[in-house]
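The analysis underlying the following values was restricted to heavy atoms, covering all of them including side chains, and did not include hydrogens, waters or symmetry mates. A quick note: this is a predicted structure, and the numbers were derived from the prediction, not measured. Throughout, protein chains are lettered first and strands after them, A, B, ... in sequence-line order, and every chain is numbered starting at 1.
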Amino acid sequence: MIRAVIALLPANQRPRMRLHLLLTVLSVIVRSIGTVLLISLVAALFGPDPASAWPWLGALAAATALGWVLDTVISTMGFDIGFALLTHTESQIADRINEIRLDWFTAGNTATTRHAIAATGPELVRLIGYLITPLLTGVGLPIGIGLALLPISWPLGVAALVGVPLLLGAFFGAARLSRGADRATAAANVDLTERLVEFARTQQVLRASRRADGERGLAGAALARQHGASLRLVAMQIPGQLVFSLVTQLVLVLLAGTTVVLGVTGTLSAPEAVAMIVVIARYLEPYGALAELAGVIDSARTALRDLSAVLAAPTTPRGSERPVMAAPTIRFEQVGFAYGEGPAVLDDFELELAAGSTTAIVGPSGSGKSTVLQLIAGLHAPTHGQIVVDGHRLDALTEESLRDLVSVVFQEPYLFDGSIADNVRTGSPEATDEDIARVAALARVDELIDRLPDGWHSRVGEGGVALSGGERQRVSIARALLKPAPVLLVDEATSALDTENETAVARALSDDPVRRTRVIVAHRLSSISAADRVVFIDQGRIVEDGTIPDLLAADGRFASYWKQQQAASEWQITH
Amino acid sequence: MARRGFNGALMRAFTKDHVATVREVEYLAPHFVRLRFHSDTLLDDVVLAPAVWLRFWFPGVDDPTTEHQRAYTITEADPTSGDFAIDCVLHEPSGPASVWVAAAEPGDQISVMSLGPSKFTVPPEPPEGYLLIGDAAALPGICSVINALPSDVPVEVYLEQHHPCDPEIPFADHPRMQVHWVPRLDDTSLAAAIEARDWSNWYAWVTPESASLNHLRVRLRDEFGFPKSEMYPQAYWVEGRAMGTSRTEEVTTTTPQEKPAPTPPAPTPNTTTTAAPAQPQKQAQPQKQAPPQKRWKANAGSRLLAPLKSTFIVAGVLQALVTLLELAPFVLLVELARRLLAGTGGLWSLGITAVVLLGVGAVLATAMMVWLHRVDARFARETRQRLLGKLARLPLGWFNDRSAGQIKKQVQDDTLELHYLVTHAVPDAVAAAVAPIAVLVYLFAVDWRLGLALFIPVLIYIVTMWVMAVQSAAQTVQAQRWAEWMATEASVHLEAQPVIRVFGGGAGSRLSRKLDDYTSFINGWQRPFTGKKTLMDLATRPATFLLLILGLGTPMVISGSLAPVDLLPFLLLGTTFGSRLLGIGYGLAGLRDGMTAARRIQTTLEEPELSAGPVPTRSNTVGVEFDQVGFSYRPGVPVIDNVSLQLTPGTVTALVGSSGSGKSTLAALVARFHDVDTGAIRIDGRDVRDMTADELYSAVGFVFQHSQLVAGTVRDNIALAAPDATDDQVEAAARAAQIHDRIVQLPQGYTTMLGPDAALSGGEKQRLSIARTLLADTPILVLDEATALADPESEHLVQQAISRLTAGRTVLVIAHRLHTITHAEQIVVLDHGTVCDRGTHDELLQCSQRYRQLWEAGSGTSTADPLSVGTEGVAL
């Protein structure tokens, strides 16, 4: 774990961290010496001349005070280092996220990343002071006391040193046993939980199908299984909870026994033996403090794991070419793509889009239409093959030139909390008011602006929640049109939105005066009609390709799709 | 510096003073003033929330060098400009506050400090109602609470009237609020005026005058059963004392006015209530007899755990024993030292005793753990069985009202939380409490002087802790908010990644900026603590205790007032006394979390179930009959109001109306997602409440927007309601539902396993559930926006499937698009839960204005959704 911390530490903090560790060791030494001073002090108190204890008390006070001073310095340093760790890590994370391959963000990884951003802050700041320092002290102090005992009474020193690995082993072993038992219990619970949650989730259909008797169904069976498993797991739970306290007490008896033997054989005087007993108690104390760290260790471990996961996530490759392009030709050369480890969505995909043309991609759901768009936008990288834009490989471009190349209308557009004007302007911060008025008219945002009381200044809410789906879509069309990119990609919404919205999509494709190469994933006849060319895709392959009249005449997949769409719009519920 | 008394000085030392300048003075009533202030820095310290207070320091009337504190609720605040306002009652006799406020003019300045976070939040599942009690001085706080309440909870406000003009004070608005002004006769009159009724599961905000509060507190707790967690009692002022005295004087001042002796609570109704003008009014009817009490949700946890009570007691006693056995070796060590010093024998027997005690302790601890785990396993199974049974009997609507996450929390996380509660929480708490107490008793028995000294570091710890708590009260709340903000910010940043990557620029750097702000907040919050945390650590570490013990013990031993041997127990057990004592708090925390989970589980177990109607009615109608049906989710807010409707067998009836008109609720009532409040729904003359689930769902089938698939194969899913169906029947249903071709493309065809994540599109899932409904073959069918989620590519197929499904059945449909139902035999237009028109499409176009509006909103296109266009609008 300490290694993970050092890896996260910025280079300029390393010397400070070394000094911090050095001081921590020094503090342990001072405290060990303080403990050994006890022997003389207590022995004097129990001896014939208690007054001879004074100088020893003075020495103990000095050692304790020195310990206070040292630890104050250590804790201030610890905070500084922790804070440096925090600022450094947070900025690394923020930069990293923008480079990670988008398909890495599965539900699980997204949760990990969210946690890494939002929940690790206080954890990192406290990491040094609340975890590393006490951990080192807790482990170091018994060793220090054992070493300090060697010159005074070597058998006890040796016994104490032998006890260290024993106690540490019991401490970490118990923690491991408990974790193992917890994992086994959790595993036994997973199946049950899934069944219970599903039972609750599907109540509608279970009842409609007269299958809602939980105890006799899958959930009931899982419950019985889990009960059996949890009874078996009891045997696993117990050792973890008892091992440490047992070993501690055994070591205590062992050390006390050694002291007694030394005392009885006359190697130690009676007062010295008593003093040794006091030292033994002190020797065991740090382990109690270690036990309190268990929770902190767990949460720090989680935080560090999440941070490392994000920092180690795969990134999208970028190159160094910065070409200036007008509406380019886009060519897919034997492109293959799969999300993560999943099945191939595209395989040996070949397609050339002419400069300045408008192409509609049509096909059943799951056919890979949106993937084609995302690949052009550079949001995903092909797993093999390449996409070439006007002779430049897409992955050879810098991040900036790739960004300048494309503008996108997303299927589920995300708007940022702010005004409508702010969101449209995201497309091009330098745009003039005339530019904005022009795209607003094209995207039918002007109608929206007229209707809302605050006009351009109406707030859209985070994600755009204050607007309806259709309104959100139109703002996002305006945003995309404003961006002076030579490639425009439109991923049409699957759900029927509103008339204004259909008009906006069609106009964005046909009335936009900027010369661009346009690609649209289209669902509705109105938007398909605006394209020069239709590519029908099924299961990652192009099955038909041509103009609308050609394809209708061919009477193939597209033609039947076209007819179904027309039929769907006139369908009625009857008997 | 002005004098503020001891407590004030402490406050002053640890919290920041701000200067506020009066901007405006407005009299809202003759004795009620709103003061508007400006302060550059104050609002940075304040987390704005309902009923947040500020502490003002007013100069003394007779001695201007003293300062007197008085707290006021913030009534207006604008954090960006630094402007805020408070409302003040001008009390008679006037104290320093009233004197200052009465004379205040724009430009005057005053010292203010933030007084910590708000004590009021609306929980995710609000209580059944809010009982707000106070008077004019508490009104600003009460109003801000009312403004934060959801509009559908009932609110009862009882206000004690001290001044004839009190009812003139402007008041907050709430649609379900009743206000009662109660003239003050004596300090019991307000308590007596509270209606004697069942207040179970209400929340009480009680902020009246101090003496009234005492009576209210007793009545609410003893008579109405308000648990501590559901009541916030706080006196805002004290009758008969010049308000605004400094704290030290508050303790010593006696009430100068004569106070009427407490009289029994028997004011007559006509004198107890006068209504505020323009407010809903109601006569408070004080009653003597104890009101009925339902079950308080706040106590639900104890009810769930009641069967385990004796287990907990035995476990507690056993753990106490184990803890004492664990301490025994230290006592034996002292004895060992005594014998070593004395040179007496018997060392072996001591050793044997130690080992035996160790063994006994270990065996006992093991036995207890095994036993508790077995009890836990049995209890967990029983609880889950009850939960499972409960889930099957709850109204289906219960599931609609909760997200998957909430349901998961209840069936999974809460039952897991119980595991710790049953197996560990009680032993941990007992161990945490018994160990320091036992040590304390032992050490005090040996030498009380040294024992007392051990409290010095503990005191240092507690004072430091208190100072930290006072200084960071606002930041602790802010830290919570920051964590929430950052979680939201992170979600936003991740969700918007595609947009950020395409559009870049400012959108992308937002997270970095926010992170910078967050780190500087953490720095400002945590850095000042470093020193104090170190102090707390140094004060309670064993080395410090050791030095303390020896520093005091050495002179005592030398002077002969302490036997050296008596020092030993302190050296062995005294050093860890501090950490043991401070561990009590942690030990109890586990109990609290477990109790919260137990409470949530029991609350679910006590949810009302579907039940047979009081007197199930019969009629001779065929088909489905809605007979004067009324229904509401929360009492007093009807969603369906007196709807009567007849579905003739074999016809299509369409429900139309804007969203919120109640059409989905009405359709769900046929499928008995909820039970009607009034009237009845009958199928072929039988009340649905009189039918078993089997009978009902043999008659009624439904297809909704979200189709549910169960874990199992494709075949299992289609044949769910008809497990005995043959393969041919299953395939025929699949073909009719236009899904057969897709199924045979799946890896294992009909035997492919489906789960919640099955790789089917929305339209495909919908067709699968239509196949299931076809096979179930119910004569009555409810369709609610069944094509809304189908992807355009498969919409046509879903439509064809629905056409096959509806053939020959009695259909109740809620249409996604109006044009799809123009051929329905009957179209019912709903508005605010009542039927406003009915007829065929042509009839309604002619004579129903509401229908024409809906039609026109969606006409002109074939795809537009008139409902969303007509009603969603923009919520800005």
Side-chain angles (χ1 to χ4, degrees), chain A residues 45-46 50-51 53 57 64 68 72 75 79 87 90 94 110 114 117-118 121 125 193 196-197 200 202-203 205 208-210 212 214 227 230-231 234 238 249 260 263 270 273-274 277-278 281 285 364-365 379 403 408 414 426 458 466 468 494 496 498-499 523 564 568-569 571-575, chain B residues 333 337 340-341 347 358 369 373 377 381 388 391-392 399 407-408 411-412 486-487 490 494 496 498-499 502-504 511-512 515 519 522 526 530 534 538 542-543 547 554 557-558 564 571-572 694 697 708 710 720-721 761 791-793 795-796 799 807 820 823 861-864 869 872 875-876:
Chain A
L45 281 176
F46 284 85
L57 182 61
T64 310
W68 288 343
T72 309
S75 89
F79 182 85
T87 40
E90 300 270 69
T110 305
R114 197 165 41 230
I117 297 172
V125 171
T193 302
L196 284 177
V197 170
T202 55
Q203 270 299 304
V205 51
S209 307
R210 292 159 302 183
H227 181 63
S230 66
L231 283 183
V234 173
I238 306 305
Q249 305 209 21
V260 170
V274 172
I277 291 172
V278 175
E285 270 162 15
S365 70
L379 292 173
R403 192 185 300 146
V408 183
Y414 195 96
T426 310
S458 309
S468 77
T494 52
D498 54 51
T499 343
H523 305 291
Q564 283 188 2
S569 64
W571 175 76
Q572 293 201 321
I573 292 178
T574 48
H575 287 118
Chain B
L333 278 182
L340 271 177
L341 287 169
L347 299 180
L358 254 178
M369 275 298 136
H373 275 83
R381 183 177 62 175
L388 208 59
L391 289 177
F399 299 91
I407 292 176
K408 181 167 171 293
V411 299
Q412 177 190 9
M486 289 316 295
L494 292 173
V499 180
V502 168
F503 292 100
L511 179 71
S512 306
L515 276 174
T519 46
I522 291 182
Q526 292 282 330
T530 325
T534 311
L538 294 181
L547 185 61
T554 302
V557 169
I558 294 173
L571 292 176
L572 295 177
D694 267 15
Y697 295 115
Q708 293 178 341
V710 298
L720 195 65
S761 73
D791 36 312
E793 282 73 18
E795 188 180 12
H796 175 65
Q799 291 170 341
T820 59
H823 284 149
T861 80
S862 51
T863 47
V869 172
E872 272 180 26
L876 282 175

In terms of heavy-atom pairs under 4.5 Å, which option from A:Trp68, A:Trp571, A:Tyr414 contacts chain B the most?
-> A:Trp571
Among A:Val205, A:Ile117, A:Val197, A:Val274, which residue forms the greatest number of heavy-atom pairs with chain B at distances under 4.5 Å?
-> A:Val205
Count the heavy-atom pairs under 4.5 Å between each of B:Leu572, B:Leu547, B:Leu571 and chain A, then report the option with the highest count.
-> B:Leu547
Could you walk me through whether B:Leu391 and B:Phe399 pass the side chain to side chain contact (heavy atoms under 4.5 Å, CB included) test, one step at a time?
-> CA-CA 9 Å; B:Leu391 289 177; B:Phe399 299 91; 3.8 Å; yes
For A:Ala53, the side-chain contact (heavy atoms from CB on, under 4.5 Å) test, sequence neighbours excluded, returns A:Leu41, A:Ala44, A:Leu45, B:Thr554
Side chain, backbone, both or neither of B:Leu494 within contact of chain A (heavy atoms, under 4.5 Å) | side chain
With A:Glu90, which residues qualify under salt bridge (charged side-chain N to carboxylate O under 4.0 Å, His left out), at least two apart?
-> none
Find the one option among B:Thr530, B:Leu720, B:Leu333 whose heavy-atom pairs under 4.5 Å with chain A are most numerous.
-> B:Leu720
A:Val125 versus chain B, heavy atoms under 4.5 Å apart: side chain, backbone, both or neither?
-> side chain
For the candidates A:Ala281, A:Ser230, A:Ala270, A:Ala273, which exhibits the highest count of non-hydrogen atom pairs separated by less than 4.5 Å from chain B?
-> A:Ala270
With rounding to the nearest 0.5 Å, note down the distance linking CG in B:Leu388 to CG in A:Leu196.
-> 6.0 Å
Measuring heavy-atom distances to chain B, does A:Thr202 have an atom under 4.5 Å in its side chain, in its backbone, in both, or in neither?
-> both
Applying a strict 4.5 Å limit to non-hydrogen atoms, the region of B:Leu347 in contact with chain A is side chain
Heavy atoms only, distances under 4.5 angstrom: which of B:Glu795, B:Met486, B:Gln708 has the most pairs with chain A? Name it, please.
-> B:Gln708
Of all of B:Leu340, B:Val502, B:Leu358, which one pairs up most often with chain A through heavy atoms under 4.5 Å apart?
-> B:Val502
What residue in A:Pro50, A:Ala208, A:Gly263 has the most heavy-atom pairs under 4.5 Å with chain B?
-> A:Ala208
How close do A:Arg114 and B:Ala490 get, heavy atom to heavy atom, and via which atoms?
-> CG-CB, 3.7 Å
Of the listed residues (B:Val557, B:Leu515, B:Leu341), which shares the most heavy-atom pairs with chain A below a 4.5 Å separation?
-> B:Leu341
Which of the residues B:Ala721, B:Ala543, B:Ala337 is involved in the greatest number of heavy-atom pairs with chain A at under 4.5 angstrom?
-> B:Ala721
Measure the spacing between CG of A:Leu231 and CZ of B:Arg381 and express it to the nearest 0.5 Å.
-> 8.0 Å
Between A:His523, A:Gln564, A:Glu285, which residue shows the highest count of heavy-atom pairs closer than 4.5 Å to chain B?
-> A:Gln564
Spatial distance of atom CG (B:Leu538) from atom OG (A:Ser75) [nearest 0.5 Å] | 7.5 Å
